[in-house]
S.K.: 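Take a look at the following structure, please.
These numbers come from the heavy atoms of this one structure, side chains and all, not from hydrogens, waters or symmetry mates. When a ligand or atom number is given, it counts from 1 through the structure's own listing order.
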Amino acid sequence: MENRDKLCVVVPCYNEEEVLPETVRRLGEKLRSLMDRGLVSPESRMLLVDDGSRDRTWALIREFHEKEPLVEGLKLARNRGHQNALLAGLMEAKDRYDLTISMDADLQDDMDAMDAMVEQYRAGHDIVYGVRNNRDTDTPFKRGTALAFYRLMSAMGAETVYNHADYRLMSRRALEGLAQFREVNLFLRGMVPMIGYKTATVEYRRGERFAGESKYPLVKMLNFAADGITSLSVRPIRVMAGLGAMLFGGGCLWLFSLLILFLLGRGPAGVTVAIASIWTAAGLNLLGLGLIGEYLGKIYLETKDRPRYLIEERLVG
Ligand code: UDP
Ligand code: MG
C-alpha cells in the first residue's frame, strides 16, 4: 500500500548560490530514496525559502522549480533572518503536508539522519530533534562559544535541547501548536520544546559548510543568545533583583559598622574602598537598567504586533 505521509523539507536560504545546486541534488536523491522505500508519500517535496538574498539564490530556485518536480519555492519580501524564514516555510507547509523536516541550506546537517527521523515519526513521535554528536569540524572558538551559549541558556532558565540547532522533524499537529505562539521575537529551538507531545532525538554528525561563508558571525551569534534568553524567561530580571538586594543589605551592614567605628573614635575606612564600591554599584545599576531596557524593548516590539514576514512570491505545484 502506498505511503500517505507527505513530507516537506523546509530549507531557509540566504545568499546560498554557491551551495544550492548541490543541496537540491542531494535532497532530491534523499527524497526519492525515502519515497522508493515507502517511508514517505510520493507527493513529498522540498520547500526552498529565499530570505531576501542579494545574490542569485531566487533565480536559482526558480530554475530548479522548473527543472526538478520536487522543488517548491517561497520568496520573502526582504531579509528577515533565519528564524523568521524558517517559520515562514513551516507555516506554508503546515496546511499541505503531514510532516516537515527543517534543515540548513549549507549541507552541514547530515541528510541520512532523515531516515531515522521519519522512522521516529512513524513510531508515533510528533517532534524529532536532530542532535549533533560531534563538534570536531568547528573551530575551537565556535565550540567554546557554543558550549557557553547552552550553559548560559540553561542557567538563565531557558529550556533547550543540548546540541540541537534547527534540524528537526515536526508533525502537522506540532506545527499547528507552534502557529499559536504569536510572539515576534522568535527563538524556535526554545519554543518548540514548549509545545509538548511525544518527542524523540536522533543523533547525527555535523559536517562543515559545503561552500560559502557562515551567515552567523560573532555579533549575530551574541544577539541570538541574548534574544534566546530574554524571549524565553524572566530569570535575568530576578537575578538582578536578588543581586541588588544582596548589595543593599551588605551596604547597610557596612555603613553600620563604619558608624560604630566612628562612635568608637576611629576614622572611616580608606577612600579607595569607597570609590571602588561606587564604581561597582554604578556598573551593576547600569547592567540592571540595560536588562530591563532589553525586556522593555521586547514588550514594545510585541505590542506593535508587526508581521513576522511578508511573502512576495510562491512557486508551488
Ligand atoms: N539564513 C537565513 N537568513 C539569514 C541568515 C541565514 O535564512 O539572515 C540561513 C542560511 O542560508 C542557512 C541557515 O540559515 O541555510 C544557517 O545559516 P549558516 O549556515 O550561515 O549558520 P551557521 O551554520 O554558521 O551557524
Ligand atoms: Mg551553517
Side-chain angles (χ1 to χ4, degrees), residues 8-27 46-61 64 71-93 100-111 113-114 130-132 134-150 153 160-161 163-168 184-189 204-228 308-313:
C8 183
V9 180
V10 178
V11 188
C13 312
Y14 178 58
N15 296 342
E16 298 285 8
E17 61 181 8
E18 283 166 277
V19 277
L20 218 47
E22 183 65 13
T23 307
V24 169
R25 192 186 66 75
R26 289 201 208 167
L27 207 48
M46 63 182 98
L47 175 62
L48 308 178
V49 184
D50 174 27
D51 184 18
S53 300
R54 275 164 302 179
D55 64 358
R56 292 191 59 250
T57 298
W58 182 246
L60 285 176
I61 293 176
F64 296 136
V71 175
E72 293 187 343
L74 189 68
K75 182 183 187 340
L76 301 194
R78 55 160 296 168
N79 180 246
R80 295 292 295 131
H82 173 232
Q83 299 288 294
N84 285 296
L86 179 53
L87 185 77
L90 292 174
M91 291 302 112
E92 188 73 13
T100 59
I101 294 179
S102 49
M103 63 166 245
D104 289 351
D106 59 6
L107 297 169
Q108 282 192 280
D109 303 325
D110 173 19
M111 285 184 202
M114 287 187 191
V131 172
R132 59 193 294 189
N134 70 304
R135 285 221 169 243
D136 48 328
T137 55
D138 283 352
T139 59
F141 179 72
K142 179 121 188 173
R143 218 179 307 159
T145 49
L147 187 65
F149 174 73
Y150 288 105
M153 290 294 298
T160 51
V161 177
N163 266 346
H164 161 70
D166 283 299
Y167 187 26
R168 81 177 83 81
V184 288
N185 293 290
L186 282 188
F187 189 67
L188 290 172
R189 65 181 88 162
Y204 73 100
R205 273 188 69 82
R206 188 161 158 105
E208 281 181 62
R209 182 173 249 284
F210 182 75
E213 282 176 358
S214 170
K215 274 75 188 172
Y216 268 98
L218 179 65
V219 177
K220 260 199 194 176
M221 237 163 59
L222 289 176
N223 281 333
F224 188 52
D227 269 354
R308 294 181 283 193
Y309 50 80
L310 295 173
I311 291 165
E312 186 171 323
E313 212 177 328

S.K.: Any idea which atoms of ligand 1 are less than 4.0 Å away from a heavy-atom of Q108?
M.R.: 19 (O), 23 (O)
S.K.: Decide yes or no on side chain to side chain contact (heavy atoms under 4.5 Å, CB included) for M111 and V9, but give the supporting numbers first.
M.R.: CA-CA 11 Å; M111 285 184 202; V9 180; over 6 Å; no
S.K.: Protein N/O/S atoms under 2.8 Å of the Mg ion (ligand 2)?
M.R.: D106 OD2, Q108 OE1
S.K.: Is any side-chain heavy atom of V161 closer than 4.5 Å to one of R168?
M.R.: no
S.K.: Select one of side chain, backbone, both or neither to describe which atoms of D104 lie under 4.0 Å from any atom of ligand 1, heavy atoms only.
M.R.: both
S.K.: Between F224 and H82, is any pair of side-chain heavy atoms under 4.5 Å apart?
M.R.: no
S.K.: For atom 24 (O) of ligand 1, find the nearest protein heavy atom and state the residue, atom name and distance (0.1 Å precision).
M.R.: S214 OG, 2.5 Å
S.K.: Can you list the atoms of ligand 1 that are under 4.0 Å from a heavy atom of E16?
M.R.: 10 (C), 11 (O), 12 (C), 15 (O)
S.K.: For atom 19 (O) of ligand 1, grab the closest protein heavy atom and report residue, atom and distance to one decimal in Å.
M.R.: D106 OD2, 2.6 Å
S.K.: Among protein heavy atoms, which sits nearest to atom 25 (O) of ligand 1, and what does the distance come to when rounded to 0.1 Å?
M.R.: K142 NZ, 3.4 Å
S.K.: For the side chain of S102 and the backbone of V10, is there at least one donor-acceptor N/O pair under 3.5 Å apart?
M.R.: no
S.K.: Quick one: look up the protein heavy atom nearest atom 18 (P) of ligand 1 and list residue, atom name and how far away it is.
M.R.: R209 NH2, 3.3 Å
S.K.: Apply the test side chain to side chain contact (heavy atoms under 4.5 Å, CB included) to residues L48 and V24: give CA-CA distance (whole Å), side-chain angles for both, the deciding distance (0.1 Å), then the verdict.
M.R.: CA-CA 9 Å; L48 308 178; V24 169; 3.8 Å; yes
S.K.: Any donor-acceptor pair under 3.5 Å linking the side chain of D51 with the backbone of R80?
M.R.: yes
S.K.: Relative to the heavy atoms of P12, which atoms of ligand 1 are at a distance of less than 4.0 Å?
M.R.: 7 (O), 9 (C), 10 (C), 11 (O), 12 (C), 15 (O)
S.K.: Pick one of side chain, backbone, both or neither for how C13 approaches ligand 1, counting any non-hydrogen atom pair under 4.0 Å.
M.R.: backbone
S.K.: Could you tell me whether the side chain of I311 reaches within less than 4.5 Å of the side chain of E92, counting heavy atoms only?
M.R.: yes
S.K.: Main chain of D110, side chain of Y167: is a donor-acceptor contact present, judged purely on distance under 3.5 Å?
M.R.: yes
S.K.: Return the residue, atom name and 0.1 Å-rounded distance of the protein heavy atom closest to atom 14 (O) of ligand 1.
M.R.: H82 CD2, 3.0 Å
S.K.: Among all protein heavy atoms, pick out the one at the shortest distance from atom 17 (O) of ligand 1; state its residue, atom name and that distance to 0.1 Å.
M.R.: Y216 CD1, 3.9 Å
S.K.: For a side chain to side chain contact (heavy atoms under 4.5 Å, CB included) check, start with the C-alpha distance between E16 and T23, then their side-chain angles and the critical distance, and finish with the verdict.
M.R.: CA-CA 10 Å; E16 298 285 8; T23 307; over 6 Å; no
S.K.: Do P21 and F64 have side chains that approach each other closer than 4.5 Å (heavy atoms only, starting at C-beta)?
M.R.: yes
S.K.: Quick test: of every protein heavy atom, which one is nearest to atom 20 (O) of ligand 1, and how far off is it to 0.1 Å?
M.R.: K215 N, 2.4 Å
S.K.: Taking all non-hydrogen atoms of both residues, which atom of A85 and which atom of V49 are closest, and how far apart?
M.R.: O-CG1, 3.7 Å
S.K.: Please work out, at 4.0 Å between heavy atoms, whether the side chain, the backbone, both, or neither of N79 comes within that distance of ligand 1.
M.R.: side chain
S.K.: Should one rank D51, L86, L48 by closest heavy-atom distance to atom 3 (N) of ligand 1, which comes out on top?
M.R.: D51
S.K.: Test your reading of the model: is there a side-chain donor-acceptor pair from E17 to the backbone of R56, 3.5 Å cut-off?
M.R.: yes
S.K.: Answer yes or no: is there a donor N or O on one side and an acceptor on the other, between the side chain of T100 and the main chain of L90, under 3.5 Å?
M.R.: no
S.K.: Could you state the interatomic distance from CG (D55) to CG (D50), rounded to the nearest 0.5 Å?
M.R.: 8.0 Å
S.K.: Distance to 0.1 Å, residue and atom name: give those for the protein heavy atom nearest to atom 1 (N) of ligand 1.
M.R.: Y14 CB, 3.6 Å
S.K.: Taking distance alone, with N or O pairs closer than 3.5 Å, would you say A85 contacts ligand 1?
M.R.: no
